Amino acid sequence: MVFIADLHIHSKYSRATSRNMDVPNLCRWAKLKGVDLLGTGDFTHHLWLQELKHYLKPVSGRGVYECEGVHFILSVEISNIFSQNKKVYRVHNVVLAPSFEVVEEINSALGKFGNLASDGRPILGISCYILARELFKISQDIMLIPAHIWTPWFSVFGSNSGFDSLEDAFGEYTEKITALETGLSSDPAMNWRLSKLDKYSLVSNSDSHSPSRIGREANVFNCDIDYWQIKEALEKKDRDKFLSTIEFFPEEGKYHYDGHRNCGIRLHPKERKQYKGICPKCGKPLTIGVLSRVEDLADRQEGFVPDSAIPYKSLVPLDEIIAEAKGVQKTAKQVEKEYLNILSVFGTELKVLSEIDEDILRKSLPAKIAQGIINVRRRQIELLPGFDGEYGKIRIFPEGPQQQDKRFGQQQITLF
Ligand SMILES: [Zn+2]
Ligand SMILES: [Zn+2]
C-alpha cells in the first residue's frame, strides 16, 4: 500500500515545543494532514516513553505501533556535541527502533553519556562514531539517519559544526547509515549535486515542534507499514518501494542563504563571496547557509539529476495558502475555520495540496484558495530565501490571481 511517513518530530518534553505535542493531538493532526506513519520522537525521555507505552499498541510482527488508526514508529533525535581533532562538532542524528525492548536497551546504553531526562532531544558528549558503535552493538535492526544534514549549527555537513564527509564523522559505520535527512533548508535537487550521496536514500521529515506542523515534509512509501520493509526500502534505495518525498521549498527554510539576522543582511552565495564571507554591516563572519555549503562540497552543476534519484514535490502548507488568499495571518481564527472546512470536504491536507484535480479544486473551493494551491503545484510563486535562523517568505500570488492565469504552463520560481 502507498502511505506517507514523517519519521522525525519532537514531543512536549523537548525544548521549545508546543505543550500540545502529546499522543492524542498527534493522532488528530496526523489524520488531518494525511500522515499514516509518524515517528514518536523523544523515546529517550522517560516521561514521554511512559506516555507512548500507555497509548501505543504494537502491530504484531511489524515493528511499528498504532493508536486511533495512526501508525507510529519509535524515534528519537540525539544531539551529539563532541570534540574531535581539537575541533568542536555538533551533529544531530535520528535513531529509529522496532520495539520498546530495543528502546530500553538503547536508553540504558546512552544514559551513560548524558542526562536523558533533561530534554527530549538529549545532548550526548560522544562522537557520531561512538553513537553508531553503541547502537549497532545493541541491534542491527536500528536505523540511523543523520538529521537535516546541511543546517549550519547542528548537522553532519553544517558549515559551523560539521564535517566535509560522512566517513570523517562515522568512520567504518558510514556503511550502516540507513538514509540521510535533507532538512527543511535543502531539497533533493541540491543534494543530487554531490555524487558521493548517490547511494543514500534522501528522506524528508517535518522535525515538527507543534502538532499542526507534522507532515510539512514527509516520505511516500509503497510497501507494508512494516519497520523492516521500510528499512530495506531505504537501504536499497528501492524506487518501487520508496516512491517520493514531500518537501518545503528550501528557500522557506531558516538557513537557505547566507547572512546576519541582526544586521538584516541576506546574501546569495555569490554575493557572500564578493564580501569574502564578512558581514558588510558589523564586520563579523557571516552565517553560511545551506546553499553555500552545498555549493562548496558539490562536484556537479546545478540541475544535475542522477539516474537513481527519487522524485519529490514541493509544497506550501495549506494554512499559509489560505492566510495569503485572505490577506490575514495564518494564526487567524478564520484560517483555521477555512482549513477545517476544506478538509471536511477532501479528507486530508496532503491530498488537497497534491492530489485533488484542479477542476474539482476550482469548483469546490473559494477561487483564490484554489488558485493558490495550483500556483504552488506549478511552482509559480515568489520566494524570499531564509537566512541566519530566519524563515524564508513565500508570495503565492505574486501578481494577483488574474494576471497569474496568463502565465500558466511556465515552470518558474521568482526570487523577490
Ligand atoms: Zn535537529
Ligand atoms: Zn552582521
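Predicted model only: the values in this text are computed from it and were never measured. Computation of the quantities below employed the complete heavy-atom set of this structure, encompassing side-chain atoms and omitting hydrogens, waters and symmetry-equivalent molecules. Remember, it's 1-based here, ligands and their atoms both numbered in the order they're listed.
Taking 4.0 Å as the cut-off between side-chain N and carboxylate O, E172 and R133 do not count as a salt-bridged pair.
For the Zn ion (ligand 1), the N/O/S atoms of H8 include none lying under 2.8 Å. In summary, E77 places an N/O/S atom under 2.8 Å from the Zn ion (ligand 1), meeting the contact criterion.
Between F154 and H148, the gap from one ring centroid to the other reaches at least 6.0 Å. The six-membered or imidazole ring of W150 lies near that of F157, with a centre-to-centre distance under 6.0 Å. The ring of Y173 has its center closer than 6.0 angstrom to the ring center of Y129.
Looking at H92, its N, O or S atom nearest to the Zn ion (ligand 1) turns out to be ND1. Nearest to the Zn ion (ligand 2), among the N, O or S atoms that H260 has, is ND1. When the Zn ion (ligand 1) is compared with the N/O/S atoms of H148, atom NE2 turns out nearest.
Here the options are V59, L56, V70, the test is side-chain contact (heavy atoms from CB on, under 4.5 Å), and the partner is Y65; only L56 passes.
Vertex the Zn ion (ligand 2), arms ending at SG of C282 and SG of C279: the angle is 110° after rounding to 10 degrees.
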